[in-house]
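Remarks on the structure that follows.
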Amino acid sequence: MKIVVIQGPNLNMLGHREQHIYGPMKLEEIHEQMKHFATENNIEIEFFQSNLEGELVDRIQECMGDANGIIINPAAYSHTSIAIRDAIAAVELPVIEVHLTNIHAREEFRRHSMTAEVVASVIAGMGPFGYHLAMIGMTQILNEMAASQQTQA
Ligand code: DQA
């Protein structure tokens, strides 16, 4: 079972960036915790962060035929990127979208996520713990998919 974690623009700045909004935890620390969960549950995990829309599209496309699921925080591109939304729809993999903050309780322009319309689930407002919840959720989704494939075989 392989999960790819994709992080959008400015998330490399976590721990420095607007700490009153995003908290003190660095992206590497969040990834360490996810790696720990993955190791304990026998899951292969890869991480990717980019500030560039096209690189995020490329990384999503590369997951096709390689990964079983994607956990993504498209960050500001959630609100603007048809290209990322289309890439998610194209790969036909289970995708969980994570936002550290509750985007529905913030500025008007953050309240709509284009990508949310094509993902299995959205976790928002749980801070870094949202990524842990996403790992649990993705494990559940993939186990259910594997079980239904077995009954079909
Ligand atoms: C974010 C919310 C976005 O609106 C913002 O642009 C981000 C982070 C979050 O995790 O809460 O960069 O995706």
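Both counts, for ligands and for their atoms, begin at 1 and track the order of listing.
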Using 30° and 60° as the class limits, which term best fits the ring planes of F47 and H31: parallel, tilted or perpendicular?
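Parallel.
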Is the F37 ring parallel, tilted or perpendicular to the H132 ring (thresholds 30°, 60°)?
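Rings of F37 and H132: perpendicular, as their planes differ by over 60°.
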Of the listed options (Q7, R106, R111, H99), which comes nearest to atom 13 (O) of ligand 1 when hydrogens are ignored and any heavy atom counts?
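Answer by nearest heavy atom: H99.
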Considering heavy atoms of the protein only, find what lies nearest to [atom] and give residue, atom and distance to 0.1 Å.
| atom | answer |
| --- | --- |
| atom 3 (C) of ligand 1 | H79 NE2, 3.5 Å |
| atom 5 (C) of ligand 1 | R110 NH1, 3.3 Å |
| atom 11 (O) of ligand 1 | T101 OG1, 2.6 Å |
| atom 12 (O) of ligand 1 | R17 NH2, 2.9 Å |
| atom 9 (C) of ligand 1 | L100 N, 3.3 Å |

Ignoring angles and geometry beyond distance, decide whether V98 reaches within less than 3.5 Å of ligand 1 through its nitrogen or oxygen atoms.
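No, no N or O pair falls under 3.5 Å.
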Identify the heavy atoms of I60 and V91 that sit nearest to each other, and give their distance.
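It is O-CG1, 3.3 Å.
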Between P9 and R17, which heavy-atom pair has the shortest distance, and what is it?
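Scanning both residues, the minimum pair turns out to be O-NH1, 4.5 Å.
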Which of the atoms of ligand 1 are close to N73, meaning less than 4.0 Å from one of its heavy atoms?
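Contacts of ligand 1 toward N73, numbered from 1: 9 (C), 10 (O), 13 (O).
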Under a single-linkage definition using a 4.5 Å side-chain heavy-atom cutoff for Ile, Leu, Val, Met, Phe, Trp and Tyr, are F48 and V5 assigned to the same hydrophobic cluster?
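Not linked; separate clusters.
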Does M114 belong to the same Ile/Leu/Val/Met/Phe/Trp/Tyr cluster as L93, with side-chain heavy atoms less than 4.5 Å apart forming each link?
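No; tracing contacts between hydrophobic side chains, which count when under 4.5 Å, never links both residues.
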Stepwise side-chain contact (heavy atoms from CB on, under 4.5 Å) check, K35 with E32
CA-CA 5 Å; K35 215 182 283 176; E32 268 315 307; 3.3 Å; yes
Give a yes/no verdict on whether any heavy atom in N10 is under 4.0 Å from an atom of ligand 1.
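Per 4.0 Å heavy-atom rule, N10 does not contact ligand 1.
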